[in-house]
Colleague: 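This structure is in structure tokens; I'll ask about it shortly.
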Amino acid sequence: MKRIGIADSRRSGAHQFRLAFAAGIVLAAMACLVVDAVAQPAQAGNTRPRRNRFLAQGRRLAAGPAAETPEQKRAREIMGLFLREGMSQRYSGEQVTRLYMGRVAETRQIIKCDGPGRLRMEYISPEKLKGETILITGGHIFHFKPPPENKILEGVALPEEFQARAVGFRQGVKNGTIHVQVVGQELIAGQQCSIVEIRSVSGGHFYLRFWIDEQTGVRLKIENRDPQGRSVSETAFTKVDYTTPIPQTEFRPNSLPNVPHEARLPETPPLPNVAAAQQQIAYTIREPAVPAGFHLNGVWVVTGRIGRKTTILRYTDGVNTFALFEVPIVEKQPGPGAARPRAKLRAMFHNDVAHWRSGDLNFALIGHLRRETMQTIAESLTKAE
């Protein structure tokens with residue numbers, strides 16, 4: 001039997017906390033289910049409830065199949081409430097995330113949701129994670145890591161796991177491959193919740209339980225279970241507040257500390273080259289003039305807000321790296337005969353990040369580069385029209 005030393009034990013504990021932390025991010029994102037896949041772009045200063053695609057899905061779900069049990073009918077009604085009302089509800093509160101892996105790894109967070117696509121989560125425990133903040137807004141995710149790292153990981157906000165689950169759920173309920181029923185009620189954070197069980201009819205890995213507030217439709221607890229019904233992880237609110245206004249400044253990137261940024265890249269394997277990425281998108285990928293010694297070593301295509309696809313190009317010189325994000329602009333087209341303005345490079349540079357637009361694309365360049373180098377890269381991608 002292998003003897004586990006102190007160093008090994010510490011590494012194992014740290015690994016468990018990292019996994020719990022990752023679970024906290026994913027499960028907290030579930031509070032605004034698939035925020036970027038379904039949400040319309042948030043407008044600054046807009047305090048009206050935002051509509052989303054799940055509104056129509058909730059109405060379609062309410063129709064239901066002809067033959068079903070009372071528990072299934074109630075589950076369909078509760079999930080319809082979640083999709084119609086809960087997705088647009090603003091709230092704040094505290095929650096706890098637990099990951100069950102032999103021993104329980106636990107994290108606690110303060111969470112604030114301003115409707116689809118606007119979420120802020122601040123870790124308050126354990127001590128090693130205290131101060132870490134996740135901000136999802138404007139189609140981006142910002143992950144602040146306090147000292148000693150003292151940096152912000154920035155990327156596109158794409159909870160792909162839950163995007164796939166949302167699509168699968170809608171289709172599965174329709175074709176009968178997913179079983180949905182109410183299995184009980186419970187008070188969560190002082191609110192009466194219906195417990196909705198969602199599982200694959202075939203007994204596969206799709207096995208979740210939602211605790212849905214019967215008044216607001218907000219998901220106050222979620223539990224992932226394995227095929228044998230054992231809890232794998234859960235996140236649950238301990239406090240929730242629907243009435244206290246949340247300052248809009250909480251959802252602005254400049255509300256985070258003024259520290260350097262690094263690119264937050266997808267965990268999925270990259271595509272082999274730009275040509276492979278180009279086959280997946282309608283817009284033309286622009287490749288920059290890279291500094292001497294740098295070469296392309298990663299390409300991704302990810303689907304984000306309102307179905308827009310973002311291209312991510314990563315370059316390295318073997319030591320340093322930078323990433324280029326390209327996403328199409330969605331805006332009202334000019335009327336007939338209206339002249340489009342000539343493209344001008346108006347890049348904003350701050351903390352290893354440059355943002356600008358050119359033609360029909362928005363660009364973000366993230367990496368430890370000199371400002372002059374960033375300017376040169378931006379100019380190589382900006383074309384006059």
Colleague: How close do Pro257 and Ile152 get, counting heavy atoms only, and between which atoms?
Modeller: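 The pair with the smallest heavy-atom distance is O-CD1, 3.6 Å.
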Colleague: Over all heavy atoms of both residues, which pair between Phe325 and Ala263 is shortest? Give the atoms and the distance, please.
Modeller: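 Heavy-atom minimum between the residues: CE1-CB, 4.2 Å.
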Colleague: Would you give the length of the straight line joining atom CD of Glu122 to atom CD of Glu94, rounded to the nearest 0.5 angstrom?
Modeller: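 Between atom CD of Glu122 and atom CD of Glu94 there are 10.5 Å.
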Colleague: Indicate yes or no: does Arg74 engage Glu77 in a salt bridge with an N to O separation below 4.0 Å.
Modeller: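 Between Glu77 and Arg74 there is a salt bridge, with a charged N closer than 4.0 Å to a carboxylate O.
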Colleague: We want to know whether Gln181 and Arg76 form a side-chain donor-acceptor pair, criterion being a heavy-atom distance below 3.5 angstrom.
Modeller: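 No, no side-chain donor-acceptor contact under 3.5 Å.
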Colleague: Taking atom types as modelled, find out whether Thr373 and Gln375 have a side-chain donor-acceptor pair closer than 3.5 angstrom.
Modeller: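 Short answer, no.
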Colleague: Taking the side chain as C-beta and beyond, is there a heavy-atom pair between Tyr283 and Val327 under 4.5 Å?
Modeller: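 Not in contact.
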Colleague: I need the Leu381 CG to Arg286 CZ distance, nearest 0.5 Å.
Modeller: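 It comes to 7.0 Å.
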Colleague: Answer yes or no: is there a donor N or O on one side and an acceptor on the other, between the side chain of Arg108 and the main chain of Val96, under 3.5 Å?
Modeller: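 No, Arg108 side chain to Val96 backbone: no donor-acceptor pair under 3.5 Å.
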Colleague: Between Trp211 (side chain only) and Ile222 (backbone N and O only), is there a donor and an acceptor less than 3.5 Å apart?
Modeller: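 Here the side-chain-to-backbone pair does not exist.
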Colleague: Report the C-alpha distance between Thr107 and Gln109 in whole Å, list the side-chain angles of each, state the deciding distance to 0.1 Å, and finish with yes or no for side-chain hydrogen bond (donor to acceptor under 3.5 Å, both in side chains).
Modeller: CA-CA 7 Å; Thr107 64; Gln109 309 92 29; 2.6 Å; yes
Colleague: Are a donor atom and an acceptor atom from the side chains of Asp352 and His261 found within less than 3.5 Å of each other?
Modeller: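 Checked: Asp352/His261 side chains show no N/O donor-acceptor pair below 3.5 Å.
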Colleague: If you look at every heavy atom in Ser358 and Phe363, which pair is closest and at what distance?
Modeller: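 Smallest interatomic distance, heavy atoms only, reads CB-CE1, 3.9 Å.
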Colleague: What distance do Asp114 atom CG and Lys112 atom NZ have between them, rounded to the nearest 0.5 Å?
Modeller: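 Separation between the atoms: 11.5 Å.
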Colleague: Check the pair Leu220 / Ile212 against side-chain contact (heavy atoms from CB on, under 4.5 Å), numbers first and verdict last.
Modeller: CA-CA 6 Å; Leu220 294 180; Ile212 306 296; over 6 Å; no
Colleague: Determine which pairs satisfy salt bridge (charged side-chain N to carboxylate O under 4.0 Å, His left out) with at least one residue from residues 208-218, sequence neighbours left out, and list them in order.
Modeller: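 Residue pairs passing salt bridge (charged side-chain N to carboxylate O under 4.0 Å, His left out), neighbours aside: Glu197-Arg209.
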Colleague: Indicate yes or no for a side-chain donor-acceptor contact from Ser255 to the backbone of Phe251 under 3.5 Å, with no hydrogens or angles considered.
Modeller: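 Here the side-chain-to-backbone pair does not exist.
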Colleague: In terms of heavy-atom contacts, does CD of Gln215 have more than 12 from other residues, nucleotides or ligands at under 6.0 Å?
Modeller: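 It does not: Gln215 CD has 12 such atoms or fewer within range.
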Colleague: Using a 4.5 Å cut-off on heavy atoms from C-beta on, say whether the side chain of Ile377 contacts that of Val290.
Modeller: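 With C-beta onward as the side chain, the pair stays apart.
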Colleague: Could you tell me if the side chain of Glu234 sits less than 4.5 Å from the side chain of Thr97, heavy atoms only?
Modeller: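 Heavy-atom side-chain distance check fails, nothing below 4.5 Å.
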Colleague: Identify which one of Thr310, Leu361, Ile281 satisfies the side chain to side chain contact (heavy atoms under 4.5 Å, CB included) criterion when paired with Glu326.
Modeller: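 The passing option is Leu361.
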Colleague: Donor-acceptor check, side chain of Arg314 to backbone of Asn297, threshold 3.5 angstrom: yes or no?
Modeller: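 Yes: the side chain of Arg314 pairs with the backbone of Asn297.
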Colleague: Do Val274 and Phe294 sit in one hydrophobic cluster, given that two such residues count as connected whenever their side-chain heavy atoms are within less than 4.5 Å of each other, even indirectly?
Modeller: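 Yes; tracing contacts between hydrophobic side chains, which count when under 4.5 Å, links both residues.
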Colleague: Which atoms form the tightest heavy-atom contact between Ser380 and Ala289, and what is the distance?
Modeller: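 Closest heavy-atom pair between Ser380 and Ala289: OG-N, 3.1 Å.
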Colleague: Consider only side-chain N and O atoms of Thr321 and Thr316, and report whether a donor and an acceptor are under 3.5 Å apart.
Modeller: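 Looking only at side-chain atoms, Thr316 and Thr321 do not form any donor-acceptor pair under 3.5 Å.
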Colleague: I'd like to know whether Gln192 forms a side-chain contact (heavy atoms from CB on, under 4.5 Å) with Gln185, so could you lay out the CA-CA distance, the side-chain angles of the two residues, the decisive distance to 0.1 Å, and finally the verdict.
Modeller: CA-CA 7 Å; Gln192 187 66 42; Gln185 291 183 317; 3.2 Å; yes
Colleague: Treat each ILVMFWY residue as a node, draw an edge where side-chain heavy atoms are under 4.5 Å apart, and state whether Ile134 and Phe237 are in one component.
Modeller: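 Same cluster: Ile134 reaches Phe237 through Ile, Leu, Val, Met, Phe, Trp or Tyr contacts under 4.5 Å.
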Colleague: Please give me the minimum heavy-atom distance between Asn320 and Asp317, naming the atom from each residue.
Modeller: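 Where Asn320 meets Asp317 most closely, the heavy atoms are N-OD1, 2.6 Å.
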Colleague: Has Ser233 got a side-chain atom pairing as donor or acceptor with Leu99's backbone, closer than 3.5 angstrom?
Modeller: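 No; zero donor-acceptor contacts below 3.5 Å.
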Colleague: Measure the shortest side-chain to side-chain distance between Thr268 and Trp300 over non-hydrogen atoms and say whether it is less than 4.5 angstrom.
Modeller: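 Yes, at least one pair of side-chain atoms sits under 4.5 Å.
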Colleague: So does Ile198 get a backbone contact from the side chain of His179, meaning a donor-acceptor N/O pair under 3.5 Å?
Modeller: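 Judged by distance alone, no pair lies under 3.5 Å.
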Colleague: If we ignore hydrogens and angles and just use 3.5 Å, is the side chain of Lys145 paired with the main-chain N or O of Glu132 as donor and acceptor?
Modeller: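 Between the backbone of Glu132 and the side chain of Lys145 there is no qualifying donor-acceptor contact (under 3.5 Å).
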Colleague: With hydrophobic residues grouped by side-chain heavy-atom distances under 4.5 Å, do Ile246 and Ile110 end up in a single group?
Modeller: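 Per the 4.5 Å side-chain linkage, Ile246 and Ile110 are not co-clustered.
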Colleague: Which atoms form the tightest heavy-atom contact between Pro245 and Pro247, and what is the distance?
Modeller: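 Answer, listing the atom of Pro245 first, then Pro247: O-CD, 3.8 Å.
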Colleague: Taking the side chain as everything from C-beta on, heavy atoms only, tell me whether Ile329 gets closer than 4.5 Å to Arg357.
Modeller: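 Yes, their side chains come closer than 4.5 Å.
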Colleague: Centre-to-centre under 6.0 Å for Phe210 and Phe82, is that the case here?
Modeller: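 That pair passes the under 6.0 Å test.
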Colleague: To the nearest 0.5 Å, tell me how far Glu85 CD sits from Thr216 OG1.
Modeller: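 Glu85 atom CD to Thr216 atom OG1 measures 9.0 Å (nearest 0.5 Å).
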Colleague: Please tell me if the side chains of Val196 and Met79 come closer than 4.5 Å, counting only heavy atoms from C-beta onward.
Modeller: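 Val196 vs Met79: side chains touch.
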Colleague: Check whether NZ of the Lys or CZ of the Arg Arg199 lies under 6.0 Å from the centre of the six-membered ring of Tyr207 and within 45 degrees of that ring's axis.
Modeller: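 Ring-cation test returns yes.
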Colleague: Given side-chain contact (heavy atoms from CB on, under 4.5 Å), test Ile312 with Leu265 step by step and report yes or no.
Modeller: CA-CA 8 Å; Ile312 306 173; Leu265 299 172; 3.7 Å; yes
Colleague: I'd like to know if Arg264 and Glu262 make a salt bridge, using a cut-off of under 4.0 Å between side-chain N and carboxylate O.
Modeller: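 Looking at Arg264 and Glu262, the cut-off is not met.
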Colleague: Does the distance from a Lys or Arg side-chain N to an Asp or Glu carboxylate O, for Glu71 and Lys73, drop under 4.0 Å?
Modeller: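 No, this pair does not count.
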Colleague: Taking a hydrophobic cluster as the set of Ile, Leu, Val, Met, Phe, Trp and Tyr residues connected by side-chain heavy atoms closer than 4.5 Å, whether directly or through intermediates, do Leu135 and Phe144 fall within one such cluster?
Modeller: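 Yes; tracing contacts between hydrophobic side chains, which count when under 4.5 Å, links both residues.
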Colleague: Hey, could you give me the NZ/CD1 distance between Lys221 and Ile188, rounded to the nearest 0.5 Å?
Modeller: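 Answer for the NZ-CD1 pair, Lys221 versus Ile188, is 5.0 Å.
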Colleague: State the CD-CD1 distance between Gln95 and Ile124, to the nearest 0.5 angstrom.
Modeller: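 Result: 10.0 Å between the selected atoms.
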Colleague: Is the closest side-chain heavy-atom distance between Val218 and Tyr91 below 4.5 Å?
Modeller: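 Yes, at least one pair of side-chain atoms sits under 4.5 Å.
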Colleague: Output yes when a side-chain donor or acceptor of Gln278 lies under 3.5 Å from a complementary backbone atom of Ile285, and no otherwise.
Modeller: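 Yes, the answer is positive, given that a donor and an acceptor are paired below the 3.5 Å cut-off.
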Colleague: Counting only heavy atoms not in Glu267, do more than 12 fall under 6.0 Å of its CD?
Modeller: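 Open.
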Colleague: Taking Gln72 for its side chain and Thr69 for its backbone only, find out whether a donor-acceptor pair lies under 3.5 Å.
Modeller: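 Here the side-chain-to-backbone pair exists.
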Colleague: Please lay out, stage by stage, how Lys130 and Tyr123 fare under the test side-chain contact (heavy atoms from CB on, under 4.5 Å).
Modeller: CA-CA 5 Å; Lys130 188 174 182 179; Tyr123 277 76; 5.9 Å; no
Colleague: Side-chain contact test, heavy atoms from C-beta onward, threshold under 4.5 Å: evaluate it for Val353 versus Met374 and give yes or no.
Modeller: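 The answer is no, as the side chains (C-beta and beyond) never meet within the 4.5 Å cut-off.
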Colleague: Using the rule that two of Ile, Leu, Val, Met, Phe, Trp, Tyr join whenever any of their side-chain heavy atoms come within less than 4.5 Å, decide whether Phe322 and Trp356 are in one cluster.
Modeller: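 Yes, one cluster joins them.
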Colleague: Donor-acceptor check, side chain of Ser88 to backbone of Arg84, threshold 3.5 angstrom: yes or no?
Modeller: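 No: the side chain of Ser88 does not pair with the backbone of Arg84.
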